[in-house]
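Right, one structure below, let's go through it.
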Amino acid sequence: MMKRRWLLGFATVLMAVLLVACGSGSSAQKSTKGPVTITFWHRMTGNYNKALEGYIKTFNSSQKQYKVVATSQGSYDNLQKKYLASAKSRTLPTIGQVTDTIIPEYVHDGMLANIDSQVKSQFSANELKAIYPGIATNLKYEGKYYQIPFATGTRLMFYNKDILDKYHLSVPKTWEELTKMSQQLKDDGITGVAFNKSYDFEFETLAYDAGNRLITPKYQAKIDTPASIKAMAAITTMLKDKTAVTAGLDNYFNVPFVQGKIFAGFGSSATIQQIAATAPKSMHWGTAVMPSFAGKASSVLGNNGISVFKGASADQIKGAVTFMKFLMSTKIQTQWAKASGYVPVVKTATQSSAYQAYLKENPTYQAAVDAYDDAFSSTPFIGYNTYRNNLLDAVDQTVSKNAEPKTVLTNLQKQADTILKDNK
C-alpha cells in the first residue's frame, strides 16, 4: 500500500473540534495597547521562509496597527497535526496556511472564521476579479469567503531537450503523440514518462479533459464512467508496456529526470526551481503545458491560501485580511513568484512589466502561466481527505497489483458515494 497520505481525516478533525466548538483559544490580542498581534502558522522553509519573513517585516513596518508574528511548522503534515493538537488545547493561531480542499471540513467542524464581510469591504470588485478563476472557485464555501490565496502551483510537463534533439522529435502536444514517442524511445532503451509515486493528479487531469470531473461542484461522484475509465487506462497501458514508470522509492519524477533516465515527467510549477538546482549544467530541459487528451488540455491546480481561525477578535480578523491583501498585491505576488517558483495568483502580477521581464529571462516559467488558461481545482467537500486517500489506494492497486481500471474505479465510486452523503 502507498504510504503517502494527504491531510488527516474527518474523524480525527471531529475529535479535535469538540473543544473548539466550545470556544477557541486563538491567540487573541487581550490588551488595547500597542498593535494587534496576528499569529501566523505556515509550512514554508529555507528560501521560501526567508522570503515570507521579508514580506512580513515589510508589512509590520508599513503601519502601526497590526503586528504579524509567523512560525514555520516545517511541512504540510506537521502543520496539520499542529492545527489539530492546538484545536484540542484551544491555542490555534490567528491565521494559517490552509489547502483549499480542507476548507469545508474545517468550516463544518467550527475551526474557521467567516471573513466574507471583511473581504468584501477591503477588496474592490476588480481586485477580486483579478484572481485566476481556477483559484477563485474554492475560496468560498456555501457562498462565503473563508480564504484568500497565496501560493498556487500549476501542473506542467517537464521534458528533456537533449533527447528531442537527438531523435529529431518535437514537444508532444497530445497524449497520443506522447504515447507514440514513448514507444519509439523504448525501442532504444529510453523510458518515455515518469510519474510521481502516484499518478493521481494525471488521472484527474485526463478525466477532466475527457469531460468528466471526478467530483462535481454539486457533490456527485463521476468516477466509474467510461470517460474516467478511458483516462486511467491511457496511463496504465503505458505502465504495463514499460513506456512509463512511477517514481517508486524516489517518490517524485524529478529524481530520475535530472539523471537523464527519462524523457518527460509531470509536476507542479514549483518543481522548476528544484530541477534547476539539481540538474547537471550539461542537461538541457524545458517545460510545456500538459498534453491534451480527448481533444482538450487542462491543468489541475495545487492551491494554498490563508484562512482565519475561530476565536480571532474582530480587530484581528480585520488585520488578518489587511495582511492577506498585502500578500496578494501585484508587487508582492511578483516578488513571491520569483522567490518561490509558485505562479502569481492574480493576473495583475503575471501581466506586470516586472514579471514579463522575468519570464523573458526565465522562459521555463512561461508554461506555468499559460497553464492557467484551462486550469481547474479539485472540488472540496467534507471527507475530501478520506476520498483522496482512497484514490491513492486505487492508483496503487493498478501499479502494485495490476488491477484493472474499471475494477478499482467501481470500488472508488462506491466509497465516494458514501462519503458524499455528508455533503448533501
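FYI, side chains are in, hydrogens and waters are out, and symmetry mates aren't considered; it's all heavy atoms of this structure.
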Indicate yes or no for a side-chain donor-acceptor contact from Ser269 to the backbone of Ala368 under 3.5 Å, with no hydrogens or angles considered. no
Under-4.0 Å salt bridge between Asp165 and Lys161: no
Contact between Tyr145 and Val308 at the side-chain level, heavy atoms closer than 4.5 Å - yes or no? no
Test your reading of the model: is there a side-chain donor-acceptor pair from Thr216 to the backbone of Gln220, 3.5 Å cut-off? yes
So does Thr58 get a backbone contact from the side chain of Ser61, meaning a donor-acceptor N/O pair under 3.5 Å? yes
For Thr205 and Ser298, what are the C-alpha separation, side-chain angles and deciding distance, and is it a side-chain hydrogen bond (donor to acceptor under 3.5 Å, both in side chains)? CA-CA 6 Å; Thr205 301; Ser298 62; 5.2 Å; no
Taking atom CD of Gln65 and atom CG of Asn60, what is their separation to the nearest 0.5 Å? 12.5 Å
Distance alone, cut at 3.5 Å: any donor-acceptor contact between the side chains of Ser182 and Thr243? no
Considering only heavy atoms from C-beta outward, does the side chain of Gln273 approach that of Tyr48 to under 4.5 Å? yes
When you check the side-chain N and O atoms of Gln413 and Asp417, is any donor under 3.5 Å from an acceptor? yes
Would Tyr355 and Tyr365 count as a ring-ring contact (aromatic ring centres under 6.0 Å, His included) here? Give the steps. CA-CA 10 Å; Tyr355 193 72; Tyr365 285 98; 7.6 Å; no
For Ala349 and Gln333, which heavy atoms make the closest approach, and how far apart are they? CB-CB, 3.9 Å
Decide yes or no for Tyr66 and Gln316: does some side-chain heavy atom of the first lie under 4.5 Å from some side-chain heavy atom of the second? no
Roughly how far, to the nearest 0.5 Å, is CG of Asn114 from NZ of Lys140? 11.0 Å
Side chains of Asn303 and Ser377 only: does a donor on one sit below 3.5 Å from an acceptor on the other? yes
Within the 3.5 Å criterion, strictly below it, is a donor on Ser198 or Asn196 matched to an acceptor on the partner's side chain? no
Side-chain contact test, heavy atoms from C-beta onward, threshold under 4.5 Å: evaluate it for Val107 versus Pro104 and give yes or no. no
To check you understand the geometry: which heavy-atom pair defines the closest contact between Ala221 and Ala416, and what is its length? CB-CB, 3.9 Å
Does the Asn138 side chain pair with the main chain of Asp100, one donor and one acceptor, at a distance under 3.5 Å? no
Can any side-chain N or O of Thr379 pair as donor or acceptor with the backbone N or O of Ile215 at less than 3.5 Å? yes
Within a radius of less than 6.0 Å around NZ of Lys173, do more than 12 heavy atoms belonging to other residues, nucleotides or ligands occur? no
Return yes if a side-chain donor-acceptor contact under 3.5 Å exists between Tyr132 and Thr350, otherwise no. yes
Do Ser72 and Arg43 get their side chains close enough for a donor-acceptor pair, meaning under 3.5 Å? no
Would you check if the side chain of Ser86 reaches a backbone N or O of Lys82 as a donor-acceptor pair within less than 3.5 Å? yes
State whether a side-chain donor-acceptor pair under 3.5 Å links Thr101 with Ser378. no
Just checking, any donor-acceptor pair under 3.5 angstrom between side chains of Asp370 and Gln366? yes
Aromatic plane relationship, Phe257 with Trp285 - under 30° parallel, 30 to 60° tilted, over 60° perpendicular: perpendicular
Do the side chains of Ser228 and Leu409 get nearer than 4.5 Å, heavy atoms only? yes
Can you check ring-ring contact (aromatic ring centres under 6.0 Å, His included) on His42 and Phe40, steps first, answer last? CA-CA 7 Å; His42 59 85; Phe40 175 27; 5.3 Å; yes
On a heavy-atom basis, which atom in Val289 and which in Ala371 lie closest, and how many Å separate them? CG1-N, 4.0 Å
Can you classify the ring geometry of Trp336 versus Tyr55 as parallel (below 30°), tilted (30 to 60°) or perpendicular (above 60°)? perpendicular
Using a 6.0 Å cut-off, check whether atom NZ of Lys67 has over 12 heavy atoms from anything other than its own residue. no
Cationic tip of Arg388 within the cone over Phe201's six-membered ring, i.e. under 6.0 Å and within 45° of the normal? yes
Supply the atom-to-atom distance Ile115 CD1 to Ser121 OG, rounded to the nearest 0.5 angstrom. 10.5 Å
In terms of heavy-atom contacts, Ala244 and Thr191 come closest through CA-CG2, 4.3 Å
Quiz question: by atom type and distance under 3.5 Å, do the side chains of Asn304 and Tyr342 form a donor-acceptor pair? no
From Ile148 atom CD1 to Phe326 atom CZ, the distance as rounded to the nearest 0.5 Å: 15.0 Å
Before you tell me yes or no, could you show the steps for Thr334 and Tyr358 under side-chain hydrogen bond (donor to acceptor under 3.5 Å, both in side chains), namely the whole-Å CA-CA distance, both residues' side-chain angles and the distance that decides it to 0.1 Å? CA-CA 9 Å; Thr334 300; Tyr358 176 74; over 6 Å; no
Output, in order, the C-alpha distance, side-chain angles, deciding distance and verdict of salt bridge (Lys or Arg N to Asp or Glu O under 4.0 Å) for Lys401 and Asp396. CA-CA 8 Å; Lys401 299 180 180 179; Asp396 182 53; over 6 Å; no
Is it the case that the side chain of Thr39 and the backbone of Thr94 share a donor-acceptor pair, with hydrogens and angles ignored and the cut-off at 3.5 Å? yes
Is it true that atom CG of Asp162 has more than 12 heavy atoms of other residues, nucleotides or ligands lying nearer than 6.0 Å? yes
Please round to the nearest 0.5 Å and tell me the distance separating atom CG of Asn126 and atom NZ of Lys347. 11.0 Å
For the pair Glu127 and Lys325, evaluate salt bridge (Lys or Arg N to Asp or Glu O under 4.0 Å) and give the outcome as yes or no after the intermediate values. CA-CA 9 Å; Glu127 287 172 328; Lys325 181 174 180 177; 3.5 Å; yes
Do Ile419 and Asn390 have side chains that approach each other closer than 4.5 Å (heavy atoms only, starting at C-beta)? yes
Tell me the closest heavy-atom pair linking Glu105 and Phe381, and the distance in Å. OE1-O, 4.4 Å
Would you say Lys240 has more than 12 foreign heavy atoms packed within less than 6.0 Å of its NZ? yes
Rounded to the nearest 0.5 Å, how far apart are CG of Leu206 and NZ of Lys296? 12.0 Å
Any non-hydrogen side-chain atom of Asn411 less than 4.5 Å from a side-chain atom of Gln415? yes
Quick check on Lys186: does its NZ atom have over 12 non-hydrogen neighbours (other residues, nucleotides or ligands) under 6.0 Å away? yes
Taking it one step at a time, do Thr152 and Val343 satisfy side-chain contact (heavy atoms from CB on, under 4.5 Å)? CA-CA 6 Å; Thr152 289; Val343 191; 5.7 Å; no
Verify the distance criterion only: is there a donor paired with an acceptor across the side chains of Asn254 and Thr271 at less than 3.5 Å? no
Which label fits Phe266 and Trp175: parallel for a plane angle under 30°, tilted from 30 to 60°, or perpendicular past 60°? parallel
Test your reading of the model: is there a side-chain donor-acceptor pair from Gln184 to the backbone of Lys180, 3.5 Å cut-off? no
Would a line drawn from the ring center of Phe293 to the ring center of Tyr208 be shorter than 6.0 Å? no
Would you say the side chain of Ile306 lies within less than 4.5 Å of the side chain of Val98, judging by non-hydrogen atoms? no
Are side-chain N/O atoms of Gln259 and Lys261 paired as donor and acceptor at under 3.5 Å? yes
Nearest heavy-atom neighbours spanning Ser299 and Arg155: OG-N, 2.8 Å
